[in-house]
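Working notes, structure below.
When reading the values below, keep in mind they use all heavy atoms of this one structure, side chains included, and skip hydrogens, waters and symmetry mates.
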Protein chains: 2
Amino acid sequence: MAELETAPGTQRPGGRTARVRAAVLRAAEDALIECGFDGIDLAEIARRAEVGKTTVYRRWENPRALVADLLVDMAEQSVARTETGSLDGDLCANARLVVRTLTDERQGALFRAVIAAAAGEERTAEALHRFYATRIAEWVPCVTQAVERGEVPEGTDAPEVIRAVSAPLYYRFLVSGDPLDEAVADRAAHAACCAAKAGAYVEPKNDVAE
Amino acid sequence: MAELETAPGTQRPGGRTARVRAAVLRAAEDALIECGFDGIDLAEIARRAEVGKTTVYRRWENPRALVADLLVDMAEQSVARTETGSLDGDLCANARLVVRTLTDERQGALFRAVIAAAAGEERTAEALHRFYATRIAEWVPCVTQAVERGEVPEGTDAPEVIRAVSAPLYYRFLVSGDPLDEAVADRAAHAACCAAKAGAYVEPKNDVAE
DNA sequence: CGGTTAACGGATCTGTGGTTCCGTTAGGAT
DNA sequence: ATCCTAACGGAACCACAGATCCGTTAACCG
């Protein structure tokens with residue numbers, strides 16, 4: 001039949017294929033960390049993964065597609081969320097986790113590389129957005145619980161509060177280059193908390209009524 | 001003599017040299033907008049600038065150095081700041097300007113490309129940081145004036161307030177991919193304003209006393 | 001205004017990232 | 001266990017980004 005769309009790795013996904021995928025993604029991660037997004041060389045990745053370079057070119061048509069796939073993989077590994085009993089405490093825990101990740105030598109380099117890769121292609125960008133949508137969704141409960149406790153007003157846009165915590169940290173990391181430390185994390189969390197309590201993140205469409 | 005450090009363009013900076021620099025930077029800007037950071041081709045830039053490609057390779061050793069130079073150039077063009085008389089109004093004006101810039105087809109692509117370029121090399125990153133330091137400094141007065149008016153507490157970290165306005169916008173632009181519009185701009189400004197008034201940006205080192 | 005040489009630019013060469021070819025290995029269905 | 005073919009992998013190939021050469025143009029100095 002005229003099945004033009006038989007992408008390699010889709011019809012026999014088990015065994016070797018899966019092993020190759022895992023090895024290549026791991027190697028890609030290492031390469032991104034060490035060389036950054038556009039220092040990477042597919043041939044080098046193939047060598048590290050102990051895989052033929054033809055395979056890498058066949059399965060992922062370009063470096064960005066490989067990064068996109070890596071992001072899908074990363075989204076599957078979730079991180080444990082801390083619960084402290086107060087919104088401020090939960091947001092601080094989140095902010096500190098983000099700072100620890102971004103300032104970690106390897107993780108930081110990885111995130112930087114991945115975000116740079118996403119700047120260039122729509123499909124990779126989508127993968128990045130899905131990754132963050134997943135991460136943000138994991139932390140949403142700490143806001144909804146705060147709403148239930150009456151700490152913040154009804155109708156607060158929970159994901160937006162979580163984004164508000166990360167935003168200043170990523171802004172420093174990617175844009176302004178200002179330092180990142182625990183004090184900055186706590187301040188970001190505290191600011192988001194203040195704003196949330198003041199109702200700055202209440203969604204405009206629904207009125208305050210439940 | 002053994003003067004190894006005679007970089008091209010430093011000893012006769014006038015006339016042709018300056019003209020070439022300007023033409024190449026313009027062409028680079030266009031190329032970045034159309035192709036993104038790693039779609040650019042130095043030869044193509046040379047062609048557009050009507051300049052020999054040898055010249056481009058000689059003056060800027062790699063694409064990133066060219067971007068760094070472009071950023072220096074961009075930092076020199078400052079944007080007019082609006083004054084509305086209230087902190088919230090000023091921050092809104094700032095936020096809307098940022099959103100307008102990032103959502104503009106050409107400008108948005110340029111910023112994305114430039115930030116991606118900075119993710120890969122220290123020198124380019126420094127140029128980016130200087131660019132934003134300049135931009136942020138331009139808007140600092142609207143916070144210091146608010147302090148004078150008594151709108152926000154003494155000791156408020158003014159640049160941090162400005163960063164807090166931009167941060168959620170850049171976070172959406174680069175990281176989460178959530179939409180950017182005036183409502184988002186206003187909310188970012190309003191949240192920063194709330195947090196500032198609540199004293200979330202008071203610098204920890206000095207006590208509240210003046 | 002004339003000389004010196006920094007800086008430019010066309011032509012040409014080269015190394016490497018990426019592609020193609022085809023034989024080999026092993027997943028999955030019977 | 002056996003077959004069929006999806007998927008892998010080594011080697012040879014190719015195109016083009018980027019480097020080099022050297023003759024030309026035009027800054028800056030006196």
Side-chain angles (χ1 to χ4, degrees), chain A residues 1-28 31-32 34-69 113 117 120-121, chain B residues 1-28 31-32 34-69 113 117 120-121:
Chain A
M1 53 203 76
E3 195 66 23
L4 300 165
E5 296 291 322
T6 40
T10 50
Q11 299 197 34
R12 285 180 183 174
R16 180 170 57 170
T17 299
R19 232 157 31 234
V20 164
R21 187 181 110 105
V24 171
L25 290 185
R26 259 205 92 152
L32 282 176
E34 285 169 37
C35 316
F37 173 65
D38 34 64
I40 61 171
D41 172 12
L42 282 272
E44 169 68 7
I45 290 175
R47 202 188 53 69
R48 292 199 207 204
E50 293 179 329
V51 150
K53 87 169 169 170
T54 317
T55 302
V56 179
Y57 284 112
R58 188 170 28 231
R59 289 273 296 271
W60 298 275
E61 57 188 69
N62 57 60
R64 263 189 262 276
L66 180 55
V67 172
D69 203 3
E121 201 190 45
Chain B
M1 51 203 74
E3 195 67 22
L4 300 164
E5 295 292 321
T6 38
T10 51
Q11 299 198 36
R12 285 181 185 176
R16 180 170 58 168
T17 299
R19 234 159 28 236
V20 164
R21 188 181 111 103
V24 171
L25 291 185
R26 260 203 92 149
L32 282 176
E34 285 168 37
C35 315
F37 173 66
D38 34 65
I40 62 170
D41 172 12
L42 281 274
E44 169 69 8
I45 289 175
R47 203 188 53 68
R48 291 199 207 205
E50 293 180 328
V51 149
K53 87 171 167 168
T54 317
T55 301
V56 179
Y57 284 114
R58 188 173 27 232
R59 289 274 296 272
W60 297 276
E61 57 188 73
N62 57 60
R64 262 189 264 276
L66 180 55
V67 172
D69 203 3
E121 202 191 44

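- Defining each end axis of the helix from C:dC1-D:dG30 to C:dT30-D:dA1 as the rotation carrying four pairs' C1' atoms onto the next four, with five pairs an end, the two axes are found to diverge by 60° to 10 degrees.
- Along DNA chain D, the nucleotide closest to B:G15 and the one closest to B:I40 are compared, and the more 5′ of them pairs with B:I40.
- Rounded to an integer number of Å, the gap from B:L66 CG to D:dA17 C1' is 15 Å.
- Regarding B:L42, its CG atom lies at a distance of 16 Å from the P atom of D:dC16, rounded to whole Å.
- For A:R26, the side chain to side chain contact (heavy atoms under 4.5 Å, CB included) test picks out no residue, with sequence neighbours left out.
- Checking the phosphate oxygens (OP1, OP2) of D:dA19, no side-chain nitrogen or oxygen of B:Y57 falls inside 4.0 Å.
- For A:A68, the side chain to side chain contact (heavy atoms under 4.5 Å, CB included) partners at least two apart in sequence or on another chain are A:T124, A:A127.
- Partners of A:A113 under the side chain to side chain contact (heavy atoms under 4.5 Å, CB included) rule, at least two apart in sequence or in another chain, are A:L32, A:F37.
- If you measure from atom CG of B:N62 to atom C1' of D:dA17, you get 13 Å, rounded to the nearest angstrom.
- The distance between atom CG of A:D38 and atom P of C:dG17, rounded to the nearest whole Å, is 13 Å.
- As rounded to whole Å, 16 Å separates atom C1' of C:dG18 from atom CH2 of A:W60.
- Across every non-hydrogen atom of A:L66 and A:A28, the tightest pair is CD2-CB, 3.9 Å.
- Among pairs with a residue in residues 49-63 of chain B, those fulfilling side chain to side chain donor-acceptor pair (under 3.5 Å) read B:W60-B:D69, at least two apart in sequence or across chains.
- Look at CZ on B:R19: it is 11 Å from C1' on D:dT25, rounded to the nearest Å.
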Trace of the side chain to side chain contact (heavy atoms under 4.5 Å, CB included) decision for A:D38 with B:R64: CA-CA 11 Å; A:D38 34 64; B:R64 262 189 264 276; 2.8 Å; yes

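- Residues satisfying the salt bridge (Lys or Arg N to Asp or Glu O under 4.0 Å) test with A:R48, not counting sequence neighbours, are A:E34, A:E44.
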Per-nt protein contacts along nucleotides 6-11 of chain C (heavy atom under 4.0 Å; B base, S backbone sugar-phosphate only, - none) come out as BBBBBB

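- Considering every non-hydrogen atom in both B:V51 and B:V56, the closest pair reads CG1-CG2, 4.1 Å.
- Protein atom CD of A:E44 is 13 Å distant from nucleotide atom P of C:dT16, rounded to whole Å.
- When all heavy atoms of A:I45 and A:A27 are compared, the pair lying nearest together is O-CB, 3.7 Å.
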